[in-house]
Protein chains: 2
Amino acid sequence: MGQGPRTRRATLQTVADEVGVSRTTVSNAYSRPDQLNRDLRERILEAARRLGYAGPDATARSLRRGKAGAIGLLFTETLSYAFADPYSVGFLRGVAEVAESHGSGLLLIPLRPGDEESETTVRDAVVDGFCLYCVPFGHRARRVIEARGLPFVTTDDPGDPAVPYVGIDERASARLAADHLVRLGHRRFGVIIDIAAEQLTDAYADLRQRLGGYREVIEEVGLDWSRVPVVAAGRNDRGAAAQAAADLLDIADRPTAVLAVSDVLALGVLDAMEQRGLAAGREISVVGFDDVPEAARARLTTVHQPMEERGRRVGRLLLEPAAAHEGAPRHQVLPTELVVRATTGPAPR
Amino acid sequence: MGQGPRTRRATLQTVADEVGVSRTTVSNAYSRPDQLNRDLRERILEAARRLGYAGPDATARSLRRGKAGAIGLLFTETLSYAFADPYSVGFLRGVAEVAESHGSGLLLIPLRPGDEESETTVRDAVVDGFCLYCVPFGHRARRVIEARGLPFVTTDDPGDPAVPYVGIDERASARLAADHLVRLGHRRFGVIIDIAAEQLTDAYADLRQRLGGYREVIEEVGLDWSRVPVVAAGRNDRGAAAQAAADLLDIADRPTAVLAVSDVLALGVLDAMEQRGLAAGREISVVGFDDVPEAARARLTTVHQPMEERGRRVGRLLLEPAAAHEGAPRHQVLPTELVVRATTGPAPR
DNA sequence: TTGAAAGCGATACCAC
DNA sequence: GTGGTATCGCTTTCAA
């Protein structure tokens, strides 16, 4: 805008030359105001303004200081849906909190399935570490990250003892939910998940564990797991869940209790029930997972997990080398808890 | 882990020396496989593996190439709540889509009110441009960004013609909602907003415009705006809105029509109505704003705005200089539309 | 094909 | 307080 042909972007050197001091001094004017006298600093800043110098370049500074100032957060695109999930938001907030306190940002890197492009994005991401959030185990991005030699944490899969993990005991937590229903006398179960069971490969270790927990309990009371209807909503979405719930609610031998692998799905089931005039906690009991804010509002019985804390731990592991190397165990398993509200009750006879 | 005292992180040079070639060749082995013969490349990659060289450093590469590979997204912490808002998620998805197609990521930079720290984060953010998303006009971060001389776009405020803006015609869109109610014969209005009216300074230009739209219409039918109850939920949250709605629903001369500045708030109002046994669309009409997925489910009448497209435009403006300089106008105003569903109906007599 | 030289823009360290 | 020097780790001409 009327700047004239700015031959070239101004740099530290430009300013230094203009004022007749060394680069160091100009640098100090910006980064360590106390290292030089007031007047000189003013003169430098003034010259900078005049020359259109925009202040120290962030990239150069990063390079020199050996600190990128960001945490990379990788997730599969399926999860861009899941940003709608209050659980993810809580997690994000946790990571962001720690990042910010370290003067770092959060670099979101969406991974489109089978996209070559995203590999590049991961390779060139200017970050100090990565967090794998819902990235299937075998995903290529994982290789790329490992190759980069930066610290990384996974929240998906505690499978590899060498890779730091922050999560919960999926199996035990799921048992909490199922146990509760069994104690209430339920014997006809239904399960709702997001990913279709066939696609449930090793990649979704957490989900499989959760399902495994349900299964254990159900089999322990002598039931045949293969006869328990397990429906998939396709994605972690309330509307989709309400639709999918039809396969649970409109069948001959309707379950008296539904286990949902997330609150979002559980809420969808409740929606579907309401539509059919089915009373939650009386005719059908429903248990969710996560304990998102919405769950309390809906009086949903669920398994509480500390989402923000999970995020915070990840942040610390990545940004506080001390925390990572010394004290903390590589695998951090946070406590969960069953929260009984109004959507569960004794099995109808 | 049994690596021995790795004296120092391996670098391009290390590998070059080992293999007995120049840095250039090693660089090419990574970035331009077609520039050297297969064998040599293999030998180089092998040596790299042996030496624990992690591949070209992202920061150095950024510096050299003059491209950061990320868009910075600034938002105030109040908005970290709003990530729960489906509107934001849609917007994010739009930006992310474009970013990804350019091999860039999205750097989230939360701005805590009055936090010195965050200024630093903005200054040091390795990005190619910034998007201001719900950043009050006078916020310090804005200065910092301007000083950096990088391109930036705002989605909040079209006030400054020099700053690229991507948004909607807030006033006209709001009029759509109010007009609809007026046509239905309503004359007793209530309004619900997130931010308390007293705090509604210049900073929240978009919100003020929206409110202004309601006001215009209401005054055009000869009503006194100062007698219209305007309640604030404090934040854009469904639960908070349900609470705040009490001041609309439990008053003497209850409104027959409620204008909500967002769908999330409108949904909260509907919750509160349900609790009180008030029928939406009959006893009280409610109009939202945004048209989030949840709105369709709740059959909420609302103003639709293209959230993803808004994000995409922002991305393009930041990542495609051509798009920014030549064709596109600095201010891009996207179309909105009233979507009439079930929560509005004729004013009860 | 391969390599030498010249930066990209800044900061750390250590004398002065 | 101030400045010189050496790097940070890589890519990019351009010549061999």
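From a predicted model like this one, the values you see are computed outputs, not experimental measurements. Below, chains carry the letters A, B, ... as their sequence lines are ordered, and counting in each starts from 1.
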For residues A:Arg123 and B:Tyr30, is any side-chain donor paired with an opposing acceptor at under 3.5 Å? no

Assign each of A:Ser22 and B:Leu63 to its nearest nucleotide of DNA chain D by heavy atoms, then name whichever residue's nucleotide is nearer the 5' end. A:Ser22

B:Gln35 CD to D:dT12 P, in whole Å, measures 11 Å

Looking only at the aromatic ring of each residue, does the gap between the centers of B:Phe91 and B:Phe75 stay below 6.0 angstrom? no

Would you say the side-chain atoms of A:Arg330 pair up with the backbone N or O of A:Ala162, donor to acceptor, closer than 3.5 Å? yes

Please tell me whether A:Ser88 and A:Tyr133 have a donor and an acceptor in their side chains that are separated by less than 3.5 angstrom. yes

Under-4.0 Å side-chain N/O to phosphate OP1/OP2 contact, B:Thr25 with C:dG3: yes

Would you mind telling me which of C:dA10, C:dT2, C:dA12 lies closest to the side-chain atoms of A:Thr24? C:dA12

What is the distance, rounded to the nearest whole Å, between atom CG of A:Asn28 and atom P of D:dG4? 13 Å

When we call it a touch if two heavy atoms are under 4.0 Å apart, what does B:Arg41 touch: a base, just sugar-phosphate, or nothing? nothing

At under 4.0 Å between heavy atoms, what does B:Leu36 touch on the DNA or RNA strands: base, sugar-phosphate, or nothing? sugar-phosphate

Using whole Å, report how far CZ of A:Arg23 lies from P of C:dA12. 14 Å

Ignoring backbone atoms, establish whether A:Thr11 has a side-chain N or O less than 4.0 Å from OP1 or OP2 of C:dG9. no

Tell me whether the OP1 or OP2 atom of D:dC8 has a side-chain N or O from B:Arg64 closer than 4.0 Å. no

Atom pair distance, as rounded to whole Å: CG in A:Asp57 and C1' in C:dG7: 14 Å

Taking CG from B:Asp39 and P from C:dT2, how many angstroms apart are they, rounded to a whole number? 10 Å

For A:Gln13 and C:dT11, what is the distance between atoms CD and P respectively, to the nearest whole Å? 13 Å

Choosing from D:dT2, D:dC10, C:dA12, which nucleotide comes nearest the side chain of B:Ala60? D:dC10

Using a heavy-atom cut-off of under 4.0 Å over every strand shown, decide if A:Thr59 touches base, sugar-phosphate, or nothing. nothing

Starting at CZ of B:Arg148 and ending at C1' of C:dA10, how long is that distance when rounded to a whole Å? 13 Å

Side chains of B:Arg61 and B:Ser31, donor plus acceptor under 3.5 Å: yes

If you look at every strand shown and take non-hydrogen atoms under 4.0 Å, does B:Arg38 touch a base, only sugar-phosphate, or nothing? nothing

Rounded to whole angstrom units, what separation is found between the CZ atom of B:Arg61 and the P atom of D:dC10? 9 Å

With sugar-phosphate meaning primed atoms plus P, OP1 and OP2, does B:Tyr53 contact a base, only sugar-phosphate, or nothing at under 4.0 Å between heavy atoms? sugar-phosphate

Looking at every strand, decide which applies to A:Ser31 at a 4.0 Å heavy-atom threshold: base, sugar-phosphate, or nothing. sugar-phosphate

